[in-house]
Structure formats: C-alpha cells, structure tokens
Amino acid sequence: MTEATLHKLKILADSAKYDASCSSSGVGRGNAGGKKTGQKAGLGSTAAMGVCHSFTDDGRCVSLLKVLHTNYCKYDCAYCINRVSNDIPRAALSVQELVDITIEFYRRNYIEGLFLSSGVVGSADTTMERMVRAVRELRQKHRFNGYIHMKSIPGASQELVHQAGLYADRLSVNIEIPSERNLKMLAPEKDHKSVYLPMQYIQQGMLQSKDERKRLRSAPRFAPAGQSTQMIVGASNEPDHAILRLSSMLYSGPQLKRVYYSAFVPVNGHDARLPVLQGAPLVRENRLYQADWLMRFYGFGAEEIASQEHPNLDLEIDPKLGWALRNPAWFPLDVNRADYFEILRVPGIGTISAQRIVRARRAARLGPEHLQKLGVVMRRAKHFLAFPGNGAALVNEAGPEAVRAMLTTKSGKKPVAYQLSLFS
Ligand code: SF4
C-alpha cells in the first residue's frame with residue numbers, strides 16, 4: 001500500500017468511527033473453491049455465528065474494516081463530523097484502492113470483512129454507484145467471501161439498492177433522528193422518506209429473493225444477514241418512549257435485524273440546535289439496548305417499557321426492574337405454575353434460567369435452593385417470587401420504593417447505578 005493510500009485510509013477510518021451500526025452475524029458462506037469442486041479457490045469465508053464481532057471498551061465494533069468511501073459530503077447534518085461546513089482533512093478512495101485495501105487487510109488477517117459507508121458526493125446515486133462497484137468487484141473479480149456490511153445512501157434508487165443487496169451481506173440505512181421534525185432541523189437536506197424508501201427496497205429485495213429461492217435453490221441471495229438501522233440518542237429531544245415505539249414498529253416488519261442506538265457525541269463546535277453535553281449519555285444508550293432486548297426476546301411491548309406516563313427510561317435501574325416496580329400487583333409469581341413469558345418478567349431471571357426452570361419443574365417442585373442452581377439471581381428475584389418460607393420483602397407488600405432502595409443501595413451507602421449488563 002502506498003503512503004498516499006495509507007494517509008487516505010487514516011482519514012477515512014477516523015471519519016467512520018462514529019457509526020455504531022456495524023456488528024455482523026447470521027450468515028454462513030463457505031469457500032466453494034478447491035480440489036473437491038474443481039473450481040478456482042475463492043478468498044476467505046464467513047462463519048454463521050458472526051465471526052466479525054469485536055468491540056472496543058466503549059462498545060463499538062472494530063473487527064471489520066470500517067471505512068468511508070469518502071468523507072467529502074455535500075450535506076450539513078449538525079451532528080456529523082463530516083458535514084460540509086467542517087474544516088477537516090478530506091479524502092476519497094477510488095474503487096480500486098478500496099478493493100485493494102480490503103483484500104490486503106484480509107490476507108494479512110487484520111479483518112474479517114468490510115463495513116462500507118460514505119459521505120454524499122454528487123447525487124445519492126453517484127455515491128451509491130461507486131460503493132456498489134467496489135463490493136461487486138470484491139465479490140466477482142476477487143471472489144471475496146468475507147462479510148460485507150454496506151450502508152445504503154438515503155435517496156438511492158431502487159436499482160442500486162437492489163445491486164448492493166446482491167453483493168453485501170447486510171445493508172443498512174440510518175434513520176439517525178427519530179422524528180421527522182427534528183431530522184429536518186438537524187439535517188435540513190434529509191427527510192424520513194429518503195430513509196424509509198431504501199428500507200422498503202431492501203425489504204422487497206429480501207422477500208423477492210426468498211420467494212425465488214423457494215422455486216430455484218440457485219437464485220441469488222439478497223442481503224442474507226438482513227438490514228439494520230441506527231438512531232442517534234440525545235441529539236434531539238425525543239423521549240425514550242418515542243424511540244422505542246419507532247423501534248417496535250420497525251421490528252414488526254419482517255426483515256429488520258437490529259436497531260442500533262448511538263449516544264450522541266458532540267463532535268462539532270457549538271451549534272445552537274444541539275444540546276451541550278459534558279459526555280455522551282452512554283447509560284441511556286445502554287438502557288435502550290436493554291429495552292430493545294426486552295422487546296425482541298422477553299415479549300415486552302414498547303408501551304410497557306416506556307409510555308406517555310413514564311416517557312423516559314430510569315437510568316438508575318434496568319427497564320425490566322423498572323417495569324416490575326411499576327406493577328407490584330403482578331407479583332409475587334409462582335414459578336411452578338407461571339408460563340415461560342411470565343417467568344421472564346421476574347427481575348433476576350433471564351432467558352436461560354427461565355428455560356431451565358420450565359424444564360426442571362417437570363421433574364420436581366422447585367424451591368429457592370433449586371432456583372439458585374438454575375441461574376436465578378436470588379438477591380433480586382426473591383422480592384418478586386412466591387415460595388414457602390420466603391422471608392424477603394415482597395414488592396406487593398413492602399412496596400416498590402422499599403424494594404428499589406434495597407436493590408440500588410449498597411450496604412447503607414448512597415444508591416449506585418444498577419448493573420449495566422443484561423438481566424441475569
Ligand atoms: S449525509 Fe451522512 S456523511 Fe453527510 S453530513 Fe449527513 S450524516 Fe454526515
């Protein structure tokens with residue numbers, strides 16, 4: 001790699017680091033070449049379990065080559081480091097440079113795939129066309145089998161989105177700002193239509209491919225790892241209630257794999273449209289991920305987690321505990337009788353321990369000594385469970401405030417922000 005290309009790469013990788021929506025998973029593709037098939041061996045392969053995962057300590061994924069095609073951009077989004085009004089070093093990689101870098105890094109084992117995004121130069125289609133050319137060349141000319149996550153440029157045509165889906169494993173279009181009114185204020189050149197239309201194109205492409213592959217196994221796959229999107233949290237004033245309602249609506253469509261929540265980082269100088277922050281609201285981001293998890297795997301509705309009455313998530317406690325404390329009459333629960341999804345609502349019981357409980361109670365009636373062995377965090381769960389001899393303060397008797405104090409206070413000291421990991 002030449003010095004000039006390396007210099008560009010440094011600029012473009014740095015410019016890409018604020019996009020959080022880059023984890024990959026769920027697609028398997030072997031290397032079909034070699035003696036057995038008689039074909040020329042391809043380069044690399046992708047494992048279905050998401051080999052591209054790797055996160056820095058602030059939670060960003062780094063194992064893909066995460067790079068922009070260019071950080072020149074004609075738009076002026078208030079929250080973005082690459083906006084046209086910023087005086088920053090700019091660079092653009094040619095299609096050939098992008099391809100060569102990806103291949104070289106892959107061969108050196110630095111990366112397992114590519115996350116490709118771009119600022120908008122010319123029109124949305126001009127930018128998208130260059131990105132599509134790069135991924136097509138990787139797949140067709142170099143037979144590159146590594147993971148590719150490509151951002152679709154808002155406003156790109158259906159034809160180009162369709163082509164992108166034939167070469168990329170995952171496509172994403174970022175919503176960025178949850179409400180249209182705030183998007184218009186912070187990114188005047190964008191609107192939700194330019195985001196939702198490519199999302200629809202992706203969905204159509206995936207459904208069409210699925211249908212064709214039912215009839216003809218060799219029909220091409222379209223974005224086999226699905227599509228994702230990202231919302232910036234805290235750059236505008238939408239409450240968590242509105243964010244989660246939007247996520248829930250998006251998940252109700254068949255093809256959206258993930259919504260990523262990215263805590264707003266003030267990367268630009270003063271802008272009256274943006275809040276002044278001392279630091280990124282990472283705890284809020286984390287609470288939203290927990291809430292998202294509850295919607296996807298625990299059977300919670302968005303309105304149960306945050307509502308008009310409780311528009312924002314409690315930053316001190318996780319959203320499941322928050323729900324349990326707002327619904328004391330729902331407890332105590334008898335794990336020997338409750339169904340799986342009821343058991344999942346008990347703080348301190350996660351999906352694995354709930355599955356174990358349902359299996360284990362077929363053989364014997366379960367008591368607290370069993371629950372602990374099954375992975376239940378009894379320190380939390382005991383306030384919400386009915387079993388003989390449970391001397392703990394129950395939430396329906398002692399009251400939510402008392403239980404909350406017990407769970408958030410460490411040995412009489414001041415309350416601590418309760419655990420950031422998930423539920424058990
Ligand atoms: S269009 Fe994308 S790259 Fe350009 S300023 Fe807006 S967010 Fe940044």
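Side-chain atoms are counted along with the backbone in the values below, which use heavy atoms only and exclude waters and symmetry mates. Atoms within a ligand are numbered from 1 in the order they appear, just like the ligands themselves. Model, not experiment: these values are computed from the prediction.
- Looking from atom 6 (Fe) of ligand 1 to the surrounding protein, the closest heavy atom is C77 SG, 2.3 Å.
- The distance from the CH2 atom of W293 to the NZ atom of K320 is 12.5 Å, given to the nearest 0.5 Å.
- Atom 8 (Fe) of ligand 1 has C80 SG, 2.3 Å as its closest protein atom, hydrogens excluded (heavy atom only).
- Shown in contact with Y75 at under 4.0 Å from a heavy atom are these atoms of ligand 1, numbered in order with element: 1 (S), 5 (S).
- Of the protein's non-hydrogen atoms, the one nearest atom 7 (S) of ligand 1 is K190 NZ, 3.5 Å.
- Residues H142 and E137 form a side-chain contact, since some pair of their non-hydrogen atoms from C-beta on lies under 4.5 Å apart.
- Checked for salt-bridge contact, R404 and E316 meet the test: a charged N lies under 4.0 Å from a carboxylate O.
- Classification of the Y196-H192 ring pair by plane angle, with boundaries at 30° and 60°, yields perpendicular.
- Taking 2.8 Å as the threshold, C73 counts as a candidate ligand of atom 4 (Fe) of ligand 1, since one of its N, O or S atoms lies below it.
- Considering only heavy atoms from C-beta on, L68 comes within 4.5 Å of N82 through its side chain.
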